[in-house]
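Everything on this sheet refers to the single structure shown next.
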Amino acid sequence: MKPIQAANGFSFRVGFSGYSGHLRVEPLYTEERDNPIKSLPDFVLPPAFPTETPESIEEHIKEKYLLPRLDEDAFSPEKAGKQWDFDWFARAKIPLEPSMPRAIMVPVWELPFRRCKEGSTEGKWEPNSTQVDVSDIIVGGETRGSFPRASNGAANDIVRGSINNRPFRPGGLEDQSLERIFPYGASNGEWVREVLNGGPAQTIPPGFKQGLKLGDLMSHPCSWNVYKDQSAPDGTSVGNLSELSVQFDDLFKKAWEEDVVELDKDGHSTESDSVKSEAEANQVDVLNTLDTGSSALDEILSVEAEKVDNGRDKGGQQQKEAWAVSGGSEWIADQFYELVPDMAIEFPFELDTFQKEAIYYLEKGESVFVAAHTSAGKTVVAEYAFALASKHCTRAVYTAPIKTISNQKYRDFCGKFDVGLLTGDVSLRPEASCLIMTTEILRSMLYRGADIIRDIEWVIFDEVHYVNDVERGVVWEEVIIMLPRHINIILLSATVPNTIEFADWIGRTKQKKIRVTGTTKRPVPLEHCLFYSGELYKICEREDFIPQGLKAAKDAYKKKNSSATSGGTGSYSGSSTVQDGARGQKREPFNRGKQNKHSGPQTFGNYTGTGWGNQSNGGGQNSWGSRRTTWLMLIDKLSKKSLLPVVIFGFSKNQCDKSADSISGTDLTSSSEKSEIRVFCDKAFSRLKGSDRNLPQVVRVQNLLYRGIGVHHAGLLPIVKEVVEMLFCRGVIKVLFSTETFAMGVNAPARTVVFDTLRKFDGKEFRPVLPGEYTQMAGRAGRRGLDKIGTVIVMCRDEIPEESDLKHVITGTPTKLESQFRLTYIMILHLLRVEELKVEDMLKRSFAEFHAQKKLPEQQQLLLRKLAQPKKTIECIKGEPAIEEYYEMHTEAEEHSEQIIKAVMQSSVAKQYLTPGRVVVVKSQSAQDHLLGVVLKSPPANNKPYIVLLLKPDVPSMTQSPSDRSNLQDKKGADFHQGYVLLPKSKRGLEEDYRISAGPRKGSGIINITLPHRGAAAGVTFEVREAENTEFLCICNSKIKLDLPGLLEFVSNPAFSHTVQQLLKLKSNGNKYPPALDPLKDLKLKDMDLIKAYDKWTHLLQKMSENKCHECIKLEEHIKLAKEIKKHKEEVNALQFELSNEALQQMPEFQGRIDILKEIGYIDEDLVVQIKGRVACEMNSGEELICTECLFENQLDDLEPEEAVALMSAFVFQQKNTSEPSLTSKLSQAKQRLYDTAIRLGNLQAEFKLPITPEEYAQENLKFGLVEVVYEWAKGTPFADICELTDVPEGLIVRTIVRLDETCREFKTAAAIMGNSSLYKKMESGSNAIKRDIVFAASLYITGV
C-alpha cells in the first residue's frame, strides 16, 4: 500500500493485521524516504471487498438468483444416499408446455359468383379468414396427442398420470368425427378445377396480409368427371382421401421443374384418364379441353387416375390385407451394412439373421414381433430400440411381466443407456430416456393420460407369451389396445404356433404393419435323457426320438424289479453316456404349480403317476431317505461327466427345501469359491440390521450356499433370492433346487436341467406338464459360448414313462397364444370417463374377438348385397296380403307339432278316439295347410294308415284323369300310380287288412273305392285318402254319423253329400273347426308343459283356419314366397347382429356390470362417472368394488393406523390355505364387517346374472391370513417374531407388506378425492409404520453389492 503523506512530514501506511481483518497503522521512518525501493511494503494483502463493477454485480445476481442450486443443508455429503419426495415441479413458476389454443383462423370458401375482388391483391380473389373454436375443427385431437383436455393438472403427474387427465387416443381407432373437417368447396374438387382452368391459387395463409407470389398460372388441358352418386356403400373414406385427391404440391411440382409456362408449340391437347366410379350411370362428364399443349400436369392426373382405377379394380383386396408380414427378408442379412451404415449402437459380436432383420425394420420405424428360443439373443433388439430412442431424443419403454426381470434388466442396461425404473414400490430416474417398468404400470399410465406418453417412440413387450396367464394376461391386451398411434411396438416372445395370428391381431388393431421375424434354431442344442438307477438313457436328440434309449431304460427297470437284489446295471451301450450333437427344442410359457403330495396313484394319459408323476411322503422308493440316495447318485453322475451347474425343477416350495436339506453332507465348492460366496453374502446382508441377519432362513440358505447348493422359490425373502440368483450367475452354485418361476423370472442358464417330476398342481388339479412348460424350463440348459450341448434329464423312480407321453411333452406342439381378456370394473370406469372411448371398442379389439372382427368386411359386403336384392312381393287375390301373419303362425305351430304328435296323437288314449265318424284336422298335401275331415276307417295295427275324408279348398277345375290324380297326390299317395282298390278280406294280405264295422247300410265289407278318390258335393270338393297317425293335427270333440257301405263299398254320391253337409254344418257356427278334445279330461295328459303346448297348438290351428289365406288356391305358392322373404329377413338381421356390438361375446356381461355400477352409484343413468367411480379408478391392488365400499362405509374410521393396514392386508394377500390368525375383538369385528360387504356385493352381482357365487367372490378377494402378522409388524415387532405367528413363508410376508404400502398410497389418494383428511393422515401413518427393516430393503440389482 502506498505511503500517505501526513502533517510535519510524518509518513505512515495502513494495512491488515493477519487474517483477522483489523486495520493497523504503521509509521514510515524518515531514513527510508530516500530509498524508494525500501518504501514498498513487504507484502500487500488483497482488498477485503474488490471494486464493484456492472459486470460483477450482474454476475453476482445471476449466480445467486438465476442459477439453480441445491439446498446445502438438505443435500450435504453426510446425507448422501437418502431420497426425498421433493416436489420440484410444484416450485416451478414456468409452465412446462404451451397451453392448447382455443381458437384458430381458417379460410372461408365462397362460390365464384359471390366473390368480391375489390381490395384484393392484383384484383384476384383471396379467401377471407374467420376465427373458429378448435373443438369445431378437431373433435378429438391429433394422433400424436391426447384427447382435448385442460392443461391445469399437477405437473408432477407427467410420469404417473392423473385421474383428472384424459387418456391418449388409441392407435387404429376408426372414428370419422375425429378427423379434420374440410370446407365443402375444398373437398368437392371445385378448387382443383379452378386451378386447372388458370384460376388463382390460394397464396395468403389465414391471418396473414400477404403471401407467396407464384406468378401467372397457365391453364392446362384436363378432363374432369363429377359423380353424383354419394350413397355408394364403399364411398371414399377419409382414410383413402389421400389416394383419391390430387395434392396441391403434386400439381405444381413438375410444373416448376419443367417450366410449363413455355409450352411446346407443336403440342396437342390430350385428355387425362378419367376417374371411373362404380355408378357410371350417374356420372356427369364436364369436359374442358383447351387448345394448348400437353404438360407434365397430365402425367400427374393420369397417375392419380390409374391409382384410383387400380384400387377400384382390386375391389376389397385391402380389406383382406395381412397386417403381419413374415418372410421375404433373406436379402437383408446379406446387405445389412449397406442398408444400415450408421448403426445406433455397435455390438461386439456378429449379429444373427433375425437380429439384422429386426434392426433393419426398427431403422425404418416399423413394429416388430421377434419369436425365438430362450438365450437366442432377443434382448439385442430391445437394446437397439433403446439406442434409437437415445439417438432420436425420444423415449423407449421396456415392460416385463415380473418385477424380478425389471430389476435385472435395469442392472444390465444401466451402464449402457440412460435408464430409469418404475415399479409398484420403486421409482428411479423417471426422467430417463429409457424406462423399465412392469406392464401394470404402463397400463396405469395409459389410462391416466401421463404426459410422458407423448415422448415415447418404442414400447418393448418382453415375454409376450405371458398373455396366456389367466390372471394377468388381460393386461397385455389392454396395453396393446390403448397404445397411441405414434408409438411403435416391439414384441419379444418364445416360439409359439400362432405367431402370425397374434401379430395379425396387433397389426389390425393398431392399423399398422407388424414385421414378424425370429428363429427356430437353438444357440445351444439340447439332448434329453432319463435318469434311472444311477444311469442316463438318451431318449431324444435333434428333435428325433430314440426308442432304443427308452427300451434300455425299461429293460433296466424290469431287471431291477424282477431281481431280488437292488442295483440293476442294464444300461444301454451308447445311451448311458451323454454325447454331443444338435438337439431340437421348443419354447412355451408355463403356469405356476405345486408338487403332487397325494399318496394314491392318479392316471393321466397312458401312464399312472406313481414314480415320475407322484411325490408321496410314504415309504419305499419315494421315502426321503431313498430320495436322498437318488439325489446323491445324480449329483455324483453329473459331477463326473462335468455336467454341473444344474437346475433341478420341482413344483413345490417345500419339496425344494427338503431336497436341498437332504444332501447336507455334499460339498461342491472349492476354498476360493467358498471365500467368494462368504464375501458376497457378507456384503449383501450387511444392509440388514442385526436381528434380521440371524433370521433362520438367511442362516440356512447361507450354509447351503457355502457348499454350492441353492434353493429358489417364492417363499424366500427378496434379498435372499437375489443373492442366490447373483451367485448362480457367477457360477459358484453347482446345484440349484428351484420352482418353475426361475425359468421365467431369471436369465440364468445352466449346463444341465433336471425335472424332478413331470406332473404339477396348477391350482385346481394335478396334471402332466404341458409341452410349452417343459420347453420353457428345458431352455435353461446350455450356456451360450460355454457349452456345446445342453442336457435335460427326467428323473424316473418307480416306473418309466410311456413313449407316447414322453414324445408329447418333449416334442409336442407348444400352447397357442390365447386371449385371457375379461372385463373389470376399473377398466369400464376408466373408459366411461372419456366420451370418445367406448368399452365396446375395447371389446371389439380384444384378441378374443379377432377372428369375428376379421370377417366383418366380408359380412358388410354380403349385407350390402342382401339389401340390394330386389324385394319380392306377394300379390293376394283376396285383397290385402296376410300371408306373412299366416306363415308366422304356421312356423310357430310347426315348433310344437313334433312334440304334440309324438306325445298326444300317437298315444293309446288318442287312438281310442280315432274311430269312424270322428272329426279330425289333417295336414294338407303341401304340409303347409290343414284340412277338416272325418275318419272313415281305422287300421287294426299301429303301423297301418287310416282312411279319411277331407274337405278340399276350391280349385279352378276338377278332373279325374289318372294324370291329374297323380299330380295332386301327396307324398303318401305317390306310391299308388294307378289307383288302389281294396279287395275282400279273404283275398287281402295283412297290409290291406282293415277293420270293418257295421254301418247304417248293410254291406259285404268290400271296399271298392279307389284311393285317392276326389269328388264334389254340396258345392265343395272333397278327397278320400289314406293318412298316417302322424298327419293328424287335431282330434275334435265332434263325431258324425257315416254311411260306411255307401262311402267305401258302393261309392254313393248321396252318402258323400250327406257326410260333406255334416262337416260343413260343424263350420257354420263361425269357427273353421270344431273345438279340440280337452287335453286334461279327454286325453288324460298329466304333464303341465305338454298341456300348455297342446292348448297353444290348437289355438294356433284355429287362428290359421280363420285367416283368409287358409284354403287359398295359391297358398302353397305364397307360402314358399313368404318363406323366402322371411329367410332373407333373417339373414339380413343375422348379418346386422353380427356387425353390431350386441354380437360381442362379453356384451351380456358388460351390460350386467353397467347395471351393477348404476345400482351402487358409481355411474348415473347417463353413464357419467360419479365420485365413487373416481375413487374406484384408484384401486389397482385390490378388488375395486370392495375397497371403494369399505371407504365410503367408513369402515376404517374407528381403527388405529396399525389396525387399518392390518385389515387392508386382506386385499393383497394371495395364499388361500393358511393358519387361522389370532385377532383382537376390534379387528375381528372389522374383519366380519368387511366380509359382509363382500357378500353383499357378491349377492348383487349374482342377481344381475353375473357368473359369481357370493361366498367364492368374498373368499377369492379377501384373504385374512396375514392380518395378525401385519398388525404386529406395524406395531414394531421384529421380523423374526412375526414369522412365528403364521405358517406363511417369509417371502410371501414381505411381498404382501410391500404391496400393502402401494395400497396405502391408493387409499391416501382416494381419501384426497373424498375430502377425508383424517383417513389421509391415517394412511400416511400406516404406510410409515410398515416401511422398515428387511421388508423394504433395497434390491441388490438396483443398489449393487
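Taking 4.0 Å as the cut-off between side-chain N and carboxylate O, E1193 and R1233 do not count as a salt-bridged pair. The pair E1189-K1172 counts as a salt bridge, with a side-chain nitrogen and a carboxylate oxygen less than 4.0 angstrom apart. Under the 4.0 Å criterion applied to side-chain N and carboxylate O atoms, R1299 and D425 are not assigned as salt-bridge partners. In this structure, E477 does not pair ionically with R845, as no charged nitrogen and carboxylate oxygen lie closer than 4.0 Å.
Judged purely by atom type and a 3.5 angstrom limit, Q1215 has no side-chain atom pairing as donor or acceptor with the backbone of L1292. A distance-only check finds a donor-acceptor pair linking the side chain of E773 to the backbone of L770 [under 3.5 Å]. Remark: the backbone N or O of E1184 is paired with a side-chain donor or acceptor of T1188 at under 3.5 angstrom. Looking only at distances, no side-chain donor or acceptor of N165 sits under 3.5 Å from a matching main-chain atom of G161. A donor-acceptor contact shorter than 3.5 Å links the side chain of Q1245 to the backbone of L1241. Judged by distance alone, the side chain of R166 and the main-chain N or O of R833 form no donor-acceptor pair under 3.5 Å. One N or O on the side chain of R472 and one on the backbone of P401 form a donor-acceptor pair closer than 3.5 Å. Panel note: side chain N498, backbone L817; a donor-acceptor pair is recorded below 3.5 Å. Counting only distance, with no hydrogens or angles, the side chain of K378 and the backbone of A371 share no donor-acceptor pair below 3.5 Å. Panel note: side chain S444, backbone I441; no donor-acceptor pair is recorded below 3.5 Å.
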Give the C-alpha distance, both sets of side-chain angles, the deciding distance and a yes or no for side-chain contact (heavy atoms from CB on, under 4.5 Å) between F369 and T499. CA-CA 8 Å; F369 192 139; T499 303; 3.8 Å; yes

Please lay out, stage by stage, how T1296 and S1209 fare under the test side chain to side chain donor-acceptor pair (under 3.5 Å). CA-CA 7 Å; T1296 300; S1209 67; over 6 Å; no

Are V1169 and Y1162 close enough, and set up right, to give a side-chain contact (heavy atoms from CB on, under 4.5 Å), and what steps lead you there? CA-CA 6 Å; V1169 179; Y1162 287 59; over 6 Å; no

Before giving the answer on side-chain contact (heavy atoms from CB on, under 4.5 Å), spell out for K1216 and E1260 the whole-Å C-alpha distance, their side-chain angles and the decisive distance to 0.1 Å. CA-CA 8 Å; K1216 294 181 180 180; E1260 188 70 24; 4.3 Å; yes

Between L421 and S427, is a side-chain contact (heavy atoms from CB on, under 4.5 Å) present by the stated rule, with each step listed? CA-CA 6 Å; L421 179 65; S427 179; over 6 Å; no

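For K844, the NZ atom sits in a packed shell: over 12 heavy atoms of surrounding residues, nucleotides or ligands are nearer than 6.0 Å. Within a 6.0 Å radius of NZ in K1158, other residues, nucleotides and ligands contribute more than 12 heavy atoms.
Residues S846 and S819 have side chains that never bring a donor and an acceptor to within less than 3.5 angstrom of each other. E1183 and Y825 share no side-chain donor-acceptor pair at under 3.5 Å.
Residues H830 and P167 form no side-chain contact, since every pair of their non-hydrogen atoms from C-beta on lies 4.5 Å or further apart. Under the 4.5 Å side-chain criterion, counting only non-hydrogen atoms from C-beta, F461 is not in contact with S493. L1319 is not listed as a side-chain neighbour of N1194, based on a closest heavy-atom distance of 4.5 Å or more. Using a 4.5 Å cut-off on side-chain heavy atoms (C-beta onward), N1316 and D1197 make contact. Looking at F386 and S433, their side chains never come closer than 4.5 Å, going by heavy atoms from C-beta outward. Taking 4.5 Å as the limit, every side-chain heavy atom of V397 sits out of range of all side-chain heavy atoms of C434. Side-chain atoms of I490 and V459, non-hydrogen and from C-beta on, never get closer than 4.5 Å to each other. Proximity of I1186 to F1211: side-chain heavy atoms (C-beta onward) are separated by under 4.5 Å at one or more points.
Closest of all the heavy-atom pairs between F1150 and E840 is CE2-OE2, 3.8 Å. The shortest non-hydrogen separation linking A1310 to M1179 is CB-CE, 3.6 Å. Taking both residues in full, the closest heavy atoms of C1177 and L829 are given as SG-CB, 3.6 Å, listed atom of the first, atom of the second, then distance.
Between atom CZ of residue F850 and atom CG of residue D504 there is a gap of 4.0 Å, rounded to the nearest 0.5 Å. Going from atom CD1 of I436 over to atom CD1 of I405 covers 11.5 Å, rounded to the nearest 0.5 Å. In this structure, I506 CD1 and Q511 CD are separated by 13.5 Å, a value rounded to the nearest 0.5 Å. If you take CG on L442 and CE on M482, they are separated by 10.0 Å, rounding to the nearest 0.5 Å. One distance of note links OG1 of T438 with CG of N407; it measures 10.0 Å at 0.5 Å rounding. Here the OG-NZ distance, from S367 to K513, works out to 12.5 Å after rounding to the nearest 0.5 Å.
Evaluation of the salt bridge (Lys or Arg N to Asp or Glu O under 4.0 Å) test over residues 455-467, restricted to residues two or more places apart or in two chains, returns R395-D455.
When each of D841, I826, V839 is paired with L831, the side chain to side chain contact (heavy atoms under 4.5 Å, CB included) condition holds for V839 and for no other. Screening R448, R1305, K1308 for a side chain to side chain donor-acceptor pair (under 3.5 Å) involving E1178 leaves a single residue, R448.
Partners of F1213 according to the ring-ring contact (aromatic ring centres under 6.0 Å, His included) rule, which considers only residues two or more places apart in sequence or in another chain, do not exist here. In this structure F847 satisfies the ring-ring contact (aromatic ring centres under 6.0 Å, His included) test together with F502, W505, sequence neighbours excluded.
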